[in-house]
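Structure below; questions to follow.
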Amino acid sequence: MNKVEFENALMATIVDYISDQVILRYMDACKSATVLFTGALIGYGDAVESLNELKNDGWKLTAVLSKAASEVLTAERIKKDINPDVIYVEGAPVDGRKIIDDNALVIIPTLTINTAAKIANCISDNLLTNMISRAMSTGKPIVAAIDGCCPDNEVRAKIGFKVTEAYKKRMRRNLEDIQSYGIILTVDKNLSKKVDRVFGSTFNFEVPAAEVKMAVMEAQKGATTQAVEKIVKSEKVSTSLKLDKKVIGRVDIAKNARFKTIIVREDAVVTGLAVDEARNRGITIVKE
């Protein structure tokens, strides 16, 4: 490698590093979620752990409690267990539309049978179902944990859930309908990982190098958010991605969190932080 090649390689590395830092800062700034508690107790313990994982990862959480949740879980308990940045309770003045619009996505950690049925049948007759409807109508990502409304949940069976098979079939159909509307279903134990994956899938930073360099130059002038927004585009979730780079860092994994598998060159060096990031996000790194 001659001097010119070395200087070009060094400059490319510096630009990649700066652009990666800008992207990560932008993503971190966007980590905000509306957390809707609808009153279910089943899965609540796992929900607390998952939501605390998100908080520790820099997420800003705005909690909204339904009337049932304020009676069953109580705002005091949620504040103690999760300590969200803001708590609202149905019945008090709440601008649900603004809360939805101001946050990146919606989390429903304790979805009840009743609320699941209302969503499935397009019923919006209270604060939370209206907020869910707002999120759906504006294309806001929604992740819902079904521990509290799944008829086949083992805990539900142990506490004496003895409805007919026909009733269970209808409950399963409600969940299928909800999923068909675009709501992402999961269980509370995997809630934080699912939220991270859905959040990551809303970003696509695969852009020409010239655009990246231009964005970085503008970012260095103080227009960080605007610069990065120029290279943020939505994209359908794919299953795998090939990265043709010699060094794979944490940023490469974070900004491609929408993929389940990341394929790298046989001679690529994968940093320890990249391995940890992939493990935390449930991503498999495969060498050619």
Identify each donor-acceptor pair in which a side-chain atom of residues 182-193 lies under 3.5 Å from a protein atom, sequence neighbours left out, and give them as a table.
| residue | atom | partner | partner atom | Å |
| --- | --- | --- | --- | --- |
| Ser192 | OG | Glu53 | OE1 | 2.5 |

Rounded at 0.5 Å granularity, tell me how far OG in Ser240 sits from CD1 in Ile283.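 Here the rounded value is 12.0 Å.
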
Under a 4.5 Å cut-off applied to non-hydrogen side-chain atoms, are Asp81 and Tyr44 in contact? yes

Does Ser70 offer a backbone N or O that forms a donor-acceptor pair with the side chain of Thr74 under 3.5 Å?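 Checking the backbone N and O of Ser70 against the side chain of Thr74, no donor-acceptor pair under 3.5 Å is found.
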
Apply side-chain contact (heavy atoms from CB on, under 4.5 Å) to Asp196 and Asp57, showing your working. CA-CA 10 Å; Asp196 280 334; Asp57 193 34; 4.1 Å; yes

Can you list the residues that meet the side-chain hydrogen bond (donor to acceptor under 3.5 Å, both in side chains) rule with Glu266, with sequence neighbours excluded? none

Salt bridge flag under 4.0 Å for residues Lys140 and Asp101: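 Salt bridge between Lys140 and Asp101, a charged N being under 4.0 Å from a carboxylate O: no.
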
Does a sphere of radius 6.0 Å around CZ in Arg77 hold more than 12 heavy atoms from other residues, nucleotides or ligands, not counting ones at 6.0 Å or beyond?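 Atom CZ in Arg77 is packed in, count exceeds 12.
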
Are the side chain of Lys55 and the backbone of Asn83 linked by a donor-acceptor contact shorter than 3.5 Å?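 Yes; at least one donor-acceptor contact below 3.5 Å.
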
With a 4.5 Å heavy-atom cut-off, do Pro151 and Tyr167 have their side chains touching? no

Met131 side chain reached by Val106 side chain, heavy atoms, under 4.5 Å: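 The answer is no, as the side chains (C-beta and beyond) never meet within the 4.5 Å cut-off.
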
Can Ile132 and Ile108 be said to form a side-chain contact (heavy atoms from CB on, under 4.5 Å), step by step? CA-CA 9 Å; Ile132 293 168; Ile108 312 175; 3.7 Å; yes

Apply side-chain hydrogen bond (donor to acceptor under 3.5 Å, both in side chains) to Asp267 and list each qualifying residue two or more places apart in sequence or on a separate chain.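 By the side-chain hydrogen bond (donor to acceptor under 3.5 Å, both in side chains) rule, Asp267 matches Arg265.
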
Verify the distance criterion only: is there a donor paired with an acceptor across the side chains of Thr129 and Asn126 at less than 3.5 Å?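 A pair is found: one side chain offers a donor N or O, the other an acceptor, under 3.5 Å apart.
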
Contacts under 3.5 angstrom, residues 171-178 side chains, donor-acceptor by atom type, not counting sequence neighbours:
| residue | atom | partner | partner atom | Å |
| --- | --- | --- | --- | --- |
| Arg172 | NE | Asp152 | OD2 | 2.9 |
| Arg172 | NH1 | Glu165 | OE2 | 2.9 |
| Arg172 | NH2 | Asp152 | OD1 | 2.9 |
| Arg172 | NH2 | Glu165 | OE2 | 3.3 |
| Arg173 | NE | Asp177 | OD1 | 3.1 |

Roughly how far, to the nearest 0.5 Å, is the CZ atom of Phe259 from the OG1 atom of Thr261? 10.5 Å

Approximate separation, where rounding is to 0.5 Å, of Asp85 CG and Trp59 CH2: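 So the gap between those two atoms works out to 12.0 Å.
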
Is Thr138 reaching over with its side chain to a backbone N or O of Ala135, donor-acceptor style, under 3.5 angstrom?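 Judged by distance alone, yes, a pair lies under 3.5 Å.
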
Arg281 backbone acceptor or donor facing Arg197 side chain under 3.5 Å: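 Yes, Arg197 side chain to Arg281 backbone: donor-acceptor pair under 3.5 Å.
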
Could you list the cluster mates of Ile159? Members are the ILVMFWY residues connected by side-chain heavy atoms closer than 4.5 Å, either directly or through other members.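 For the cluster that includes Ile159, the remaining residues are Ile42, Val155.
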
Knowing that exactly one of Leu243, Val264, Asp252 qualifies, which makes a side-chain contact (heavy atoms from CB on, under 4.5 Å) with Ile285?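 For Ile285, the side-chain contact (heavy atoms from CB on, under 4.5 Å) check succeeds only for Val264.
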
Between Tyr88 and Leu65, does the side-chain contact (heavy atoms from CB on, under 4.5 Å) criterion hold? Intermediate values first, please. CA-CA 6 Å; Tyr88 296 100; Leu65 282 63; over 6 Å; no

Pairs in or reaching into residues 103-114: which pass side chain to side chain donor-acceptor pair (under 3.5 Å), with residues at least two apart or in two chains?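 Output for this query lists Ser32-Asn103, Thr34-Asn103, Thr112-Thr115.
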
Taking side chain as C-beta onward, heavy atoms only, is Phe37 less than 4.5 Å from Val64?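 No, every pair of side-chain atoms sits at 4.5 Å or beyond.
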
Quick one, Leu61 and Leu51 - any side-chain contact, counting heavy atoms below 4.5 Å?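 Leu61 reaches Leu51 side chain to side chain.
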
Verify side-chain contact (heavy atoms from CB on, under 4.5 Å) between Val269 and Ile248, making sure each step is shown before the conclusion. CA-CA 6 Å; Val269 176; Ile248 306 300; over 6 Å; no

